[in-house]
S.K.: 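Below you will find the structure I want to go over with you.
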Amino acid sequence: MTKVSSKHLLGIKDINADDVHLIFNTADTFKEVLNRPIKKVPSLRDVTIANVFFENSTRTRLSFELAEKRLSADVVNFSAGSSSVKKGETLIDTVNNILAMKVDMVVMRHPNPGACVFLSKHVNCSIINAGDGAHEHPTQALLDAYSLREKVGDLKGLKVLIAGDILHSRVALSNIFCLQMLGAEVAVSGPATLIPKHIHSLGVKVMLDFREALQWCDVVNMLRIQMERQDIQYFPTLREYTMQYGLSRQLLEEIGKKDIIIMHPGPINRGVEITSDLADGEDSIILNQVENGVAVRMAILYLLAGKPD
Ligand code: CP
């Protein structure tokens, strides 16, 4: 198979396991390119890509821009904060104006869940979802699963715990879909107020006791508390949250947990959901995730641009 099944990458829910394996195998090739002295290939020469960000980003935005440049695409960047959106222009008008300048693909981050799906129905180009509200963040899930595959090989039967603010997390939902598609078992842990009520229906284990959850898992993916999405108070204080759900070496030693793989999508709130010694320690693959993000995004851009060499 040399083509993905969809014109867009709107969510993991919309792609299949063959697509994921194709993306991973293509990313392997691009990872090899990224380790060469000249980290650039001409695959997307004459393709113009707009990175349209209505929400802040460090990793995703830089990673997409680097991926695009490594593929020799022409790149334009749009930030809502310094655009005519501030004067009342709509999403569709904004993107259609960008497309009128002969842009071929759009990578979009938006605070509203479903914004990328909505856009894909109104414009005639490939859309890649770079995170839509608390809905999906498909490229993050793909780079997370790719990094685990690199570390452990086959993900079948791997026990992955996602811990923290599950309720407001697009990373959690995309990771659940992607990991289950690849045969991993997924559990979530966090305060009951930050666990979506119907998450059981996705076949996910809910383990409110963080110690018990850590005993169960092979991998823990620590999520930050998304204060910017919280309209009410979901737990008494940040200090109490850290005492119950913060990952520290002391906690791992207390429960006798060894051989755990530690992940985080970033940005990290050091000392809140994870201590610095663990985030930067030998069990952490956090920077591998960031590194792999470029190769995985190159693969996605290349496959969706439909320009095989
Ligand atoms: N992981 C992630 O999406 O980070 P940014 O918000 O910095 O892009």
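Quantities reported herein were computed from a predicted structural model and do not represent experimental measurements. Just so you know, ligand 1 is whichever comes first in the structure, and atom 1 is the first atom listed for that ligand.
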S.K.: Does Arg109 make a cation-pi contact with Phe53 (under 6.0 Å, within 45 degrees of the axis)?
M.R.: no
S.K.: Are Asn221 and Leu161 packed together at the side-chain level, in the sense that at least one heavy-atom pair is separated by less than 4.5 angstrom?
M.R.: no
S.K.: Using the side chain to side chain contact (heavy atoms under 4.5 Å, CB included) rule, pick out the option among Val204, Leu167, Val206, Asp165 that qualifies with Ile195.
M.R.: Val206
S.K.: Any salt bridge linking Glu253 with Arg249? Criterion: basic side-chain nitrogen under 4.0 Å from a carboxylate oxygen.
M.R.: no
S.K.: Where is the nearest protein heavy atom to atom 1 (N) of ligand 1: which residue, which atom, and how far?
M.R.: Pro265 O, 2.8 Å
S.K.: So that I know where these two stand, are Tyr245 and Phe235 an aromatic pair - ring centroids less than 6.0 Å apart?
M.R.: no
S.K.: Nearest to atom 3 (O) of ligand 1 by heavy atom, Gln140, His137, Arg59: which?
M.R.: His137
S.K.: Considering the heavy atoms of Thr60, write down every atom of ligand 1 situated less than 4.0 Å from one of them.
M.R.: 2 (C), 3 (O), 4 (O), 5 (P), 8 (O)
S.K.: Would you mind running through ligand 1 and noting each atom that sits below 4.0 Å from a heavy atom of Thr58?
M.R.: 5 (P), 7 (O), 8 (O)
S.K.: Which residue holds the protein heavy atom closest to atom 6 (O) of ligand 1, what is that atom called, and what is the gap in Å?
M.R.: Arg109 NH1, 2.9 Å
S.K.: Indicate yes or no: does an N/O atom of Gly266 lie under 3.5 Å from an N/O atom of ligand 1?
M.R.: yes
